Amino acid sequence: MLKSVTESFARVIHGLTVGHLTDHVIQRSKRMILDTLGVGFLGTSTEVFHKASEYSKIHSMDFDDTWHPATHPSGAVLPALMALAEALPSSRTFSGLDLLLAFNVGIEVQGQLLHFSKEASDIPKRFHPPSVVGTLGSAAAASKFLGLSMTKCQEALAIAVSHAGAPMANAATQTKPLHIGNAARHGMESAFLAMLGLQGNKQVLDMQTGFGAFYANYSPQVLPNLDSHTWLLDQQDVAFKRFPAHLATHWVADAVTSVRKHLVTDRALLPTDRIERIVLRIPDVQYVNRPFPDSEHEARHSFQYVACTTLLDGGITVPSFHKCQIDRPQVRELLRKVQLEYPRDNLPSFNTLYCEVSVTLSDGATFTECSDTFYGHWRKPLSQEDLREKFRVNASSTLSRDTVERLLELVENLEDLEDCSVLTTLLKGPSPPEMVSKSIQHLTIPSYNLS
């Protein structure tokens, strides 16, 4: 019986096969892959993308899936796998099931690590979780995809820990998107370095001075044997965002939408001059407390802005975060009327938080509504058709209509795809990653059995 936590993770990464995948996990992970691809295409239109394109293709819109404990699980894993599927020698054929297995291994590793800390259950305050667990998830997924031995998987995790981490101080800035991009890249590099023989501490996940350096209350446990393995994704779905902003603001948007129905009828305009006060009762999450955001990234991390924009426009979309929308006089007027309150029972956890909104008019009338689960949360998942429509809207910014529909069909039937090159050909941009291809041509990719 294994006593090392790190070794048990390596055993799971190396030992899981497509036979362990359940129908539930396959369906949920295909939704995650579809959504992440669409968000990635939309991200290519951003200013951040043009400044650091290879780092930010996925996360630059803050629009990808979110899990509990808090992280963005797909954004650090899928780009690494897509890059590998495209860049590895054509003599190796990777199927859709190969991709699904490696993807879910990367998701599973992140979830297991997050469950080792009570601190991880709360919305983060010190560091951005995808830059930490996402790096190890990328390393695990790449290791599985490359067919690394159990020992090499263990080394890849050790190397990845030294690549991990990014401070929350850079949330709501153009630097935040780099966290996900670097996690994907560093995890993939860790797998290649392990393949080349680089070594790290073989107990890195067991030690307080190892992965425990990121969590004050880190308490790791050896993972169960493969014959009793159950996927975390089987037990809990992810949340899919309907607009590109911090997940906690989605509760605000839902509650404000309900309040707005009391204030606006038919096509009448919102009576902004009659609004005296807007009170948001939310958890105390300071980096999403931005009374007067001055940029799109600040606006995406502002309870106040999402509330006022939803109240004014009746909804919120990608263009809602453009600078011209942020600077509207009506928005600035409403922002001055917002007050935040932090009820003691409203804890900063994506699994339990709620938002209560009260709008008071000049005649003293007050309207209050509450949201404890927004549409898109894992307790109230997006329908498949709404997820498809999100993908279509996001991907159509870059791809032709026919390509968008072809990608939809491929991802929704990914387990039947015999060769992932069909998928990567559709995804390939005008400038393939030649540097990546050249750097790994000399590596010998071991064969491995996925069945």
Side-chain angles (χ1 to χ4, degrees), residues 9-37 40 58 73-110 136-150 152-153 156-157 184 187-192 194-195 226 229 231 233-234 406-428 432-433 436-437 440-441 443-451:
F9 269 77
R11 177 188 58 195
V12 165
I13 295 168
H14 175 72
L16 284 172
T17 69
V18 295
H20 289 95
L21 292 172
T22 66
D23 290 342
H24 212 193
V25 165
I26 288 175
Q27 295 307 316
R28 285 181 169 176
S29 56
K30 286 192 299 183
R31 283 164 58 87
M32 295 161 72
I33 290 170
L34 182 68
D35 188 65
T36 305
L37 290 176
I58 293 297
S74 300
V77 171
L78 187 59
L81 295 177
M82 290 292 93
L84 288 172
E86 180 181 343
L88 289 175
S90 57
S91 57
R92 254 320 291 280
T93 299
F94 296 93
S95 70
L97 277 173
D98 294 342
L99 176 62
L100 283 165
L101 177 60
F103 178 82
N104 278 289
V105 165
I107 302 302
E108 181 74 9
V109 164
Q110 294 178 72
L136 275 79
S138 172
S143 296
K144 187 63 184 176
F145 206 62
L146 293 168
L148 267 60
S149 68
M150 182 172 161
K152 296 295 186 184
C153 289
L157 292 174
M188 185 168 60
E189 286 180 359
S190 298
F192 279 125
M195 186 187 295
L226 290 173
H229 177 79
W231 300 91
L233 190 60
D234 234 343
R406 179 64 176 141
L407 276 171
L408 257 173
E409 180 185 3
L410 285 175
V411 174
E412 291 188 337
N413 296 281
L414 195 55
E415 68 272 38
D416 300 322
L417 187 64
E418 294 183 359
D419 188 351
C420 277
S421 65
V422 179
L423 180 62
T424 56
T425 297
L426 290 174
L427 296 174
K428 191 180 297 183
V436 176
S437 299
I440 63 177
Q441 282 178 351
L443 294 175
T444 300
I445 310 302
S447 60
Y448 60 107
N449 184 12
L450 289 170
S451 59

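Note that this is a predicted model, so its numbers are computed, not measured.
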To the nearest 0.5 angstrom, please state how far the [atom1] atom of [X] sits from the [atom2] atom of [Y].
X: K30; Y: L410; atom1: NZ; atom2: CG; value: 11.5 Å
X: M195; Y: L146; atom1: CE; atom2: CG; value: 4.0 Å
X: L226; Y: T17; atom1: CG; atom2: OG1; value: 8.5 Å
X: K152; Y: S190; atom1: NZ; atom2: OG; value: 13.5 Å
X: I26; Y: L21; atom1: CD1; atom2: CG; value: 5.0 Å
X: C420; Y: M82; atom1: SG; atom2: CE; value: 5.5 Å

### Message
Any side-chain to backbone donor/acceptor pair from N104 onto L100? Under 3.5 Å, distance only.
### Response
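Pair found, side chain donor or acceptor close to backbone of L100.
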
### Task
Output yes when a side-chain donor or acceptor of W231 lies under 3.5 Å from a complementary backbone atom of H20, and no otherwise.
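Side chain of W231 to backbone of H20: a pair is present.
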
Beyond-backbone contact of [X] with [Y], side-chain heavy atoms, under 4.5 angstrom:
X: V411; Y: L417; value: no
X: S74; Y: F103; value: yes
X: L99; Y: F94; value: no

### Message
As a test of understanding, state which of I33, L34, D35 forms a side-chain contact (heavy atoms from CB on, under 4.5 Å) with L37.
### Response
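Answer to the side-chain contact (heavy atoms from CB on, under 4.5 Å) test with L37 among I33, L34, D35: I33.
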
### Task
Show the numbers, then the answer: is there a side chain to side chain contact (heavy atoms under 4.5 Å, CB included) between L233 and M32?
CA-CA 11 Å; L233 190 60; M32 295 161 72; 3.8 Å; yes

At their closest point, which heavy atom of [X] faces which heavy atom of [Y], and how far apart are they?
X: A85; Y: F145; result: N-CE2, 3.8 Å
X: I13; Y: S143; result: CG2-CB, 4.3 Å
X: I107; Y: P73; result: CD1-O, 3.3 Å

### Test salt bridge (charged side-chain N to carboxylate O under 4.0 Å, His left out) applied to E418 - qualifying residues, sequence neighbours left out
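By the salt bridge (charged side-chain N to carboxylate O under 4.0 Å, His left out) rule, E418 matches no residue at all.
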
### Message
Surrounding CG of D23 (heavy atoms of other residues, nucleotides or ligands, distance under 6.0 Å), is the total greater than 12?
### Response
no

### Task
Any chance you could lay out the side chain to side chain contact (heavy atoms under 4.5 Å, CB included) test for R406 and V422, step after step, and finish with the verdict?
CA-CA 10 Å; R406 179 64 176 141; V422 179; 4.1 Å; yes

